[in-house]
Amino acid sequence: MKTDWMKNIDIEPFLDSQLKRVLEIVGKEKFLILFSEFGKSSVYFSTKSLLECKKKYIKMNRDITVKQLANDLEVSERFVYSFLKGQNNGLLYEEF
C-alpha cells in the first residue's frame, strides 16, 4: 500500500485508538512503514514465542531468586520452579 501521500498530512484524527497508540509508540515514519506492510491484514502479537525466551532467561540467570525471576518475567513462581525442576531431572538444585 502506498503511503507517501500520508507523510504531509495529520493522520492522527482519522485513526482508531489502537492505531493512535502505535503511532505514539513508533512515530509517524515507522507507523507508515508498518501500515504499508500490514495495512490490509490483522496483526496479532502472540506471547507464545516469548515463553521459550523466558525459559532461556531463567536458565541463564539461576543466580537470581525465583521470586525476582517471576517478577521480572511476569510469570508465577510456580512456572519458574516447574521449569527449574524440569531442567534438573526433578531436582530443584543441582547436586555438587
Side-chain angles (χ1 to χ4, degrees):
M1 176 183 295
K2 294 181 181 181
T3 58
D4 288 343
W5 63 271
M6 298 170 82
K7 290 180 181 178
N8 297 320
I9 63 168
D10 182 15
I11 60 172
E12 189 174 352
F14 307 104
L15 304 177
D16 65 28
S17 61
Q18 288 183 327
L19 289 177
K20 283 181 182 180
R21 183 70 180 129
V22 173
L23 177 65
E24 179 183 304
I25 292 169
V26 302
K28 189 170 184 179
E29 184 177 332
K30 298 286 189 208
F31 175 84
L32 292 177
I33 293 169
L34 290 171
F35 194 79
S36 177
E37 186 69 28
F38 302 106
K40 292 186 178 182
S41 62
S42 178
V43 179
Y44 171 72
F45 293 94
S46 172
T47 58
K48 185 176 180 181
S49 58
L50 290 180
L51 187 60
E52 294 305 314
C53 294
K54 290 178 181 189
K55 289 177 181 178
K56 177 74 173 179
Y57 183 84
I58 293 167
K59 192 175 184 178
M60 293 174 56
N61 293 283
R62 290 176 178 242
D63 57 320
I64 299 175
T65 66
V66 169
K67 186 175 187 100
Q68 187 61 50
L69 285 168
N71 187 47
D72 291 349
L73 299 173
E74 297 179 315
V75 297
S76 68
E77 289 181 29
R78 175 171 278 201
F79 173 86
V80 177
Y81 278 120
S82 294
F83 176 72
L84 291 172
K85 185 176 178 182
Q87 288 292 297
N88 293 315
N89 298 320
L91 302 172
L92 283 178
Y93 299 98
E94 294 181 44
E95 295 180 11
F96 296 96

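Residue indices begin at 1 and follow the sequence shown. For clarity, every value in this text was computed on a predicted model and none was experimentally measured.
The minimum heavy-atom distance linking Met6 with Lys28 is given by the pair O-NZ, 3.1 Å. Shortest non-hydrogen contact noted between Lys54 and Leu73 is NZ-O, 2.9 Å. Looking at every heavy atom in both residues, Lys59 comes nearest to Phe83 through N-CE2, 4.0 Å. Here the shortest heavy-atom pairing between Phe31 and Leu19 reads CE1-O, 3.7 Å. When all heavy atoms of Phe14 and Asp10 are compared, the pair lying nearest together is CE1-O, 3.5 Å.
A 4.5 Å side-chain heavy-atom check between Lys48 and Leu51 finds every atom pair outside the cut-off. The shortest distance between side-chain heavy atoms of Arg62 and Leu84 falls below 4.5 Å. Between Phe35 and Leu23, every side-chain heavy-atom pair lies at or beyond the 4.5 Å cut-off. Gln18 has its side chain out of reach of Arg21: every pair of non-hydrogen atoms, C-beta onward, lies at least 4.5 Å apart. Leu34 places none of its side-chain heavy atoms less than 4.5 Å from the side chain of Val43.
Connection of Ile9 to Leu15 is established within a shared hydrophobic cluster, with ILVMFWY side chains joined at heavy-atom distances below 4.5 Å, either directly or through further cluster members. Linking ILVMFWY side-chain heavy atoms closer than 4.5 Å, directly or via other members, places Val22 and Tyr44 in two distinct hydrophobic clusters. In the hydrophobic clustering of ILVMFWY residues, with side-chain heavy atoms under 4.5 Å counting as a link, Val26 and Leu32 come out together. Note on Leu69: it does not cluster hydrophobically with Met60, by side-chain heavy-atom contacts below 4.5 Å among ILVMFWY residues.
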